[in-house]
Peer 1: 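Dropping a structure here in structure tokens format, bear with me for questions.
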Amino acid sequence: MLESILSVLILGAMMSAIYALVAIGFTMIFGVGGVLNLAHGGLIMIGAYAFLVSTSSSVVGSIAVPTLLGLVIATLVTAVASYVLYGGLVRYIEDNVVITFLSTVMVALLLTELIHYEFGSSPRTLLPIADGTLHLQGVGTRINYMYILGFVVSWIAIGLLWYYVSRTDEGRSILAVSMSERGAQLTGVDLESVKSRTWLIAGALAGLAGVFLGTLQTTSPEMWLNPLAIAFIIVVIGGIGSIKGSVVAAYLIGYLEQFTLEFLGTGYQGIFSLVVLVAVLLLKPEGLFGREFAHE
Amino acid sequence: MSSETDTGRGIGGRVSGAAGRVGGAAVDGLSTVTEPVDRALRPIATVYNRTLGGYFGEMNGLQFVLLVGAFLGLVTIPFWGNYTLVQATWLACIWGIFAMSWDIQSGYTGYISFGHSVLSGGAAYTTAMLLNNVNAELPMRITIPISVLIALIIGLAIALPSLRLSGPYFSLITFVAVLIFYRLIRPLSEYTGGETGLGGIETVYSTDPVMRTYAFMIPMLLIAAALLIVARSNIGLILVAIRENESAVEAAGINATKFKIWSFVLSSIPMGIGGVLLAHRFGTVTPGAFVVVDNSIEMIAMAVVGGMGSILGPLGGAFLVIMLEDVVLSGFESEIKWSILWLIVLLILVFARDGLFRKLWHGLDRLGGDRR
């Protein structure tokens, strides 16, 4: 019993860090532009498939770069894809919330079909960046090195992001826009460039998350829906637009899922987080850290 | 049809503006051809406007031709259509019901629901579960009312808590409703049949060949008429007012929440009927074909293609999408077919956000009548 609790604690921390990566990009885009980017799951999928194409020699031609370089490529490709999605589509329609989120759903579905066509429907396995497992004698559990790497990379990314949005002028302008678009404009912040940068960053985070989710879970054309649902849940619980809230809520949900998985089995996975979500929506619709920026 | 919404700024606005100028020139050319048609049919249209116009809205001769032509073409389809077309029509009628029901709730009030597949799925599952778990001999006159009632109860269960929220939060919670419903199917597989679903439902093939089509078409036409009457009544007006400015509605002393709940009731009942029809169309109920959020998205896509907030627009959109899917693009591989379809929807969203059928309707309005 104690051992399984310990393993839940450790595995939960690893998984939650990856969930945080998924959610932060989603919440930043919502905070800055008020855009509900339902193609966020699609971006994660792009990350996973970009990694697949660049590292596996059997997919396209005989390109096979080292896995660590593959991670960098996947991150860059996804960041660019996200930037193009904003610059090529969302920028023109963001004045209408409904049209925007319907359009991003269409983009996600379109992506699913294209990947389906190009790579087939069967799940692919990604080459692990760090192979093998760490055997924890005291706990009696094995932890995949990819989990540990994901945990480390996620916290490095979160640390860098925190430094960027709180210590640099460029980053602070992102915070400013999410607090008050009008106020930021009045102080001379270039709205277009802030939004483009936010989409770029969100894309990069999604790309990172895609590689880890793709390796640890599945890489298939349907992989966009689950991370999107998780991003939704985390972001609503943490408070839409709040980076801190996303990290906290990611850990809440990550642990909740691990506990359900360990003690109730896979059948109920996901249901409890949805119930928590409904409770938060009804009792505290602004989320745990909603509108945090406006108060600081 | 109903109110003209803001054409919006951005690319869509600019392009449709340019199209408008070109269209203006084309209208003058076209009207020389269409004017005699319009004038010839004006008397019939006038008779209609005097008698039924109050309920369904007034129209000019050309719009009359379009509607009556579409209606006649639809009703006679079993006699001139080939088998593929007729089968597609069955499905289009059901999806038309879904799209119209979605529209009266989401299109009119602006509270965009991603949860409507739960309503139809709930009704379909009720039918299947009654037949599989209670008594396989239950007649339709018992299963259908119970299923529709369950759809209504689910609708209210979703509406009552979720309508406290608005905007994207409302959409999110309805999205979550689908996920909860979907994920509960597996743990309860003893009753729901899990991923493989439940069978044993009497299918359409057991009825008379000619009547098959009407089994779907008559409910669709009745629902269309009923929703159109409601949408054009004061209730529809209030729902639109909620979309445009909810606090103004409250300020006028009208309880907006009450009307939003009514919109859910108006939407759940036809959704339930559609769900039951879909169950009887295929004979088996599976989570993949009845519940998943893709179904809700497809309904929304149909409504958007046709024109949200107009009842007949979504109906047309449903026929357009299903016909594209099952007849026009049926030769392509599934992935290509869906890619083309989603791309078309995306383009319509960006460049014609008011919907194709609303554009067509207003185009006819400018062509015929008094040339305002």
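Protein chains get the first letters and strands the later ones, always in sequence-line order, with residue 1 at the start of each.
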Peer 1: Evaluate whether atom OH of B:Y191 has more than 12 neighbouring non-hydrogen atoms of other residues, nucleotides or ligands under 6.0 angstrom away.
Peer 2: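 No, the 6.0 Å shell around OH holds no more than 12 heavy atoms from other groups.
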Peer 1: More than 12 heavy atoms of other residues, nucleotides or ligands under 6.0 Å from OH of A:Y83: is that the case?
Peer 2: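 12 or below, so no.
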Peer 1: If I measure from the heavy atoms of chain A, does B:S189 come under 4.5 Å with its side chain, its backbone, both, or neither?
Peer 2: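 For B:S189, there is no contact with chain A at all, as no heavy atom is under 4.5 Å.
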Peer 1: Counting only non-hydrogen atoms closer than 4.5 Å, does B:L343 touch chain A with its backbone (N, CA, C, O), its side chain (CB onward), both, or neither?
Peer 2: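 Both parts, heavy atoms under 4.5 Å.
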Peer 1: So which part of B:L184 gets closer than 4.5 Å to some heavy atom of chain A, the side chain, the backbone, both or neither?
Peer 2: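 Contact with chain A: backbone and side chain both.
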Peer 1: For B:E335 and A:H116, work out which heavy atoms get closest and say how close.
Peer 2: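 Closest pair (atom of B:E335, atom of A:H116, distance): OE2-ND1, 3.0 Å.
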Peer 1: Compute the ring centroids of B:F175 and A:F101, then answer whether they are less than 6.0 Å apart.
Peer 2: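 Ring centres of A:F101 and B:F175 not closer than 6.0 Å.
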Peer 1: For each of B:V304, B:V293, B:D294, B:I336, tally heavy-atom pairs with chain A at distances under 4.5 Å, and name the one with the top tally.
Peer 2: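 Answer, by heavy-atom pair count under 4.5 Å with chain A: B:I336.
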Peer 1: At a heavy-atom separation under 4.5 Å, does A:L102 approach chain B through its side chain, its backbone, both, or neither?
Peer 2: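 Its backbone and side chain both get close to chain B.
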Peer 1: Are the side chains of A:I93 and B:R353 in contact, using a 4.5 Å heavy-atom criterion?
Peer 2: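 When only atoms from C-beta onward are counted, A:I93 and B:R353 do touch, with a gap below 4.5 Å.
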Peer 1: Rounded at 0.5 Å granularity, tell me how far CD1 in B:I348 sits from CE in A:M106.
Peer 2: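 Taking CD1 in B:I348 and CE in A:M106, the distance rounds to 10.0 Å.
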Peer 1: Using non-hydrogen atoms only, which part of A:L225 is less than 4.5 Å away from chain B: side chain, backbone, both, or neither?
Peer 2: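 Contact with chain B is through the side chain of A:L225 alone.
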Peer 1: Determine, stepwise, if the pair B:F114 / A:L38 fulfils side-chain contact (heavy atoms from CB on, under 4.5 Å).
Peer 2: CA-CA 12 Å; B:F114 277 100; A:L38 298 195; 4.2 Å; yes
Peer 1: Tell me whether A:E192 at atom CD has more than 12 heavy atoms from other residues, nucleotides or ligands lying less than 6.0 Å away.
Peer 2: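 Counting other residues, nucleotides and ligands, CD of A:E192 exceeds 12 neighbours.
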Peer 1: What heavy-atom pair brings A:A229 and B:L179 nearest, and what distance separates the two atoms?
Peer 2: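 Nearest heavy atoms, A:A229 then B:L179: CB-CD1, 3.7 Å.
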Peer 1: Among A:V105, A:L110, A:V107, which residue satisfies the side chain to side chain contact (heavy atoms under 4.5 Å, CB included) criterion with B:W342?
Peer 2: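 That would be A:L110.
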Peer 1: Can you tell which part of A:Y117 gets under 4.5 Å to a heavy atom of chain B, answering side chain, backbone, both or neither?
Peer 2: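 The answer is both parts of A:Y117.
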Peer 1: By a 4.5 Å heavy-atom criterion (distance strictly below it), what part of A:L89 contacts chain B: side chain, backbone, both, or neither?
Peer 2: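 Side chain only.
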Peer 1: Heavy-atom distance under 4.5 Å to chain A: side chain of B:L349, backbone, both or neither?
Peer 2: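 Both parts, heavy atoms under 4.5 Å.
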Peer 1: Would you give the length of the straight line joining atom OG of B:S339 to atom CG of A:L109, rounded to the nearest 0.5 angstrom?
Peer 2: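 Here the interatomic distance stands at 10.0 Å.
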